[in-house]
Amino acid sequence: MTIAPNIPEEISPSTDTLLTSETDQEFNWRNCWYPVTFIQDLPTKRPYSFSLYDEPLVLFRNKDGKLICLADLCPHRAAKLSEGQIIDGKIECLYHGWQFGSQGECLHIPQLPADAKIPAKACIKSFLIAEKQGIVWMWAGEANVADEKLIPTVADLDNPTVVSSDYMIDLPYDQTYFIENAIDPSHLYISHEATLNSRQQAQPLEMEVIETSARGIRGRYRKTRQQTQNWMQLNFIAPNLITYRGATTSEKSQRVGGAALYSLPTGKGKCRIIIRNYTNSPSWKLKWQPRWMEHWYRDKFLEEDLPLVVGQQAAVQRLGQSLSSLYLPLKTSDLLVVEYRKWLDKYGECLPYYLGYNTKSLPDQENLPVNQEPPALDRFSRHTQICSSCSRAHKTAIRFKQIFVGVAIALAAVAIITEDFGIKLLLVAFALCSVGLAVVAEKFKIRFERAYTRH
């Protein structure tokens, strides 16, 4: 789980409205906005595939540059439209060339006679898309009831003085485990010892649940080792946002800082997280450090407890018991975790599947074999290939490695046929330098491919 390690404890008040005062609302997962990706990570010339609760979907831009979202399924022979191409703002299935428009309507069938009408059933379901605060949002329900005001944006990010660090990764475990992990500040000091060097900060936390409703959970926590510790706001905004924010201690304070941790339930046993750490007191790193370099730190941070959560999910699935019988929670560390799982008990029944504290609905997962192949934990498949910055840097490293290897071979070949001993030594020296640079490029490339391990 990734939050900003240095969130200021004294900051200006937020204008976010997290919850309403009503407590008897109903929760409908369809009538919600879901984050898909950062706009900067969205490819411009090809379809973009993703999923929501195992439902395959595809994004592309029409001729006017508007983002379109359709079910990723050609009605002809069930091929994936995301494997196709964009032609004049239409998405074309690469199997037989059927083309579809902004509303999912079929506009062209090459095999259909010129005098024949396109079948009425040759259409695809479409979904509403919005672009807010640099993120692509999808409305899972009917478009006529969508309200962009319900997009869970973070008011702090509208402040022009605020700078954010944006990061996205696909995780091999269920969204509920990520939210449980993200709403648990006590684990930071142990499982993230390698990056935070914070084991000495592990201590009992004073935790409070301020409000719970269908909209989510509003809570706070603070350390107990010193009496003057300030509160940290920690909220869950259903169904996909966790926010960390320092509590206000001074009306004159203009400091802003926090973390917004979004999640997308892509399917059973997997999810995508979209993280924004932000502040209006940026360091030189946030201003000048390349995005891919900052992502190296985020990758390592997530990978520190990644195998722990994967193992936790596997153990819970194998044992088949309720979390209330498996967990031994402490009020001074797990209060908000238990509150979230109990929230699922109360409001999760409408979800395609869920795991609450005392109840669950996982009919398909329970039939899966226990001894499955382990999920992919490599950095490339989880992050690099879906991040535009890291993907470019990775390709650049491959290109430079090839260049340096080619130069080394060429210099060595010339050195072999050169009779002048002085020139021969110089060419060999340059060839060895090129080999060294190729090794550096390989190590640089590997940083985008292999996950951090503790041992």
Side-chain angles (χ1 to χ4, degrees), residues 1-19 21 152 154-157 159 162 164-165 178-213 215-238 241-262 275-281 283 301 304-305 327-343 357:
M1 193 275 290
T2 302
I3 64 169
N6 298 310
I7 297 174
E9 293 183 338
E10 183 177 331
I11 60 176
S12 59
S14 170
T15 57
D16 290 331
T17 301
L18 298 176
L19 307 171
S21 58
V154 178
D156 286 336
L157 294 172
N159 185 332
V162 168
S164 69
S165 168
F178 166 71
I179 293 177
E180 175 184 302
N181 180 262
I183 210 169
D184 167 27
S186 66
H187 86 280
L188 292 171
Y189 311 116
I190 303 298
S191 63
H192 296 294
E193 164 71 7
T195 50
L196 297 184
N197 191 26
S198 57
R199 181 173 289 266
Q200 67 279 6
Q201 294 296 318
Q203 60 188 278
L205 300 176
E206 184 178 358
M207 312 188 84
E208 293 183 1
V209 175
I210 299 172
E211 182 183 4
T212 300
S213 76
R215 292 283 306 279
I217 302 166
R218 187 156 56 93
R220 62 179 185 172
Y221 75 94
R222 64 181 174 184
K223 300 175 184 177
T224 59
R225 190 166 290 169
Q226 297 177 0
Q227 294 182 349
T228 58
Q229 292 288 335
N230 293 315
W231 289 98
M232 180 73 70
Q233 299 170 0
L234 177 50
N235 302 309
F236 161 60
I237 295 89
L241 174 59
I242 299 290
T243 61
Y244 277 78
R245 199 173 191 279
T248 303
T249 59
S250 170
E251 293 183 0
K252 296 181 180 180
S253 174
Q254 297 300 315
R255 298 182 67 194
V256 173
L261 299 90
Y262 293 102
I275 298 176
R276 317 195 85 165
N277 295 291
Y278 61 89
T279 178
N280 67 343
S281 302
S283 64
F301 198 102
E304 285 171 351
D305 58 11
Y327 286 8
L328 184 61
L330 301 176
K331 187 177 181 180
T332 50
S333 64
D334 308 304
L335 181 67
L336 293 174
V337 169
V338 173
E339 187 68 17
Y340 166 63
R341 291 295 184 179
K342 288 182 176 179
W343 184 92
Y357 197 55

Q | Mutual orientation of the aromatic rings belonging to F301 and H192 [parallel < 30°, tilted 30-60°, perpendicular > 60°] | A | parallel

Q. Which pair of non-hydrogen atoms, one from E304 and one from S191, has the smallest distance, and what is that distance?
A. CB-O, 3.4 Å

Q) Counting distance only, does the side-chain N/O of T224 pair as donor-acceptor with the main-chain N or O of P204 below 3.5 Å? A) yes

(Q) Give me the atom names and distance for the closest heavy-atom approach of S164 to R276. (A) OG-NH2, 4.0 Å

(Q) What I'd like to find out is whether the side chain of Q233 reaches to under 4.5 Å of the side chain of T243, using heavy atoms alone. (A) no

Q. Is there a side chain to side chain contact (heavy atoms under 4.5 Å, CB included) between N235 and I242 once you walk through the steps?
A. CA-CA 6 Å; N235 302 309; I242 299 290; over 6 Å; no

Q) With a 4.5 Å limit on heavy-atom distance, are the side chains of I179 and N181 in contact? A) no

Q) Roughly how far, to the nearest 0.5 Å, is the CZ atom of R225 from the CG atom of L205? A) 10.0 Å

Q: Measure the spacing between CG of L234 and CZ of R220 and express it to the nearest 0.5 Å.
A: 12.5 Å

Q: For G219 and L336, work out which heavy atoms get closest and say how close.
A: CA-CD2, 4.3 Å

Q. Taking all atoms of both residues into account, what is the closest heavy-atom pair of N277 and A259, and its distance?
A. OD1-CB, 3.4 Å

Q: First locate atom OH of Y357, then atom CD of E180, and finally report the distance between them rounded to the nearest 0.5 Å.
A: 10.0 Å

**Q.** Interatomic distance, T212 atom OG1 to W343 atom CH2 [nearest 0.5 angstrom]
**A.** 10.0 Å

(Q) Keeping E211 on the side-chain end and I217 on the backbone end, is there a donor-acceptor pair under 3.5 Å? (A) no

Q. Just how far is it from atom CG of D334 to atom CG of L328, taken to the nearest 0.5 Å?
A. 8.5 Å

Q. Q200 side chain to N197 main-chain N or O, any donor-acceptor pair under 3.5 Å?
A. yes

Q: Could you tell me which non-hydrogen atom of A260 sits nearest to which non-hydrogen atom of Y278, and how far apart they are?
A: N-CE2, 4.3 Å

Q. So, do H187 and D305 sit near enough that their side-chain heavy atoms are less than 4.5 Å apart?
A. yes

Q: Kindly give the heavy-atom pair with the smallest separation between F178 and Y262, and that separation in Å.
A: CE2-O, 4.1 Å

Q: Apply side chain to side chain contact (heavy atoms under 4.5 Å, CB included) to the pair R218 and F236, showing each step before the final yes or no.
A: CA-CA 6 Å; R218 187 156 56 93; F236 161 60; over 6 Å; no

Q: State the CD-CD distance between E339 and E208, to the nearest 0.5 angstrom.
A: 12.5 Å

Q: Measure the shortest side-chain to side-chain distance between R199 and Y189 over non-hydrogen atoms and say whether it is less than 4.5 angstrom.
A: no

Q. Is there side-chain contact between P185 and M207, with at least one heavy-atom pair below 4.5 Å?
A. yes

Q | Y244 side chain vs A182 backbone, donor-acceptor pair below 3.5 Å | A | yes

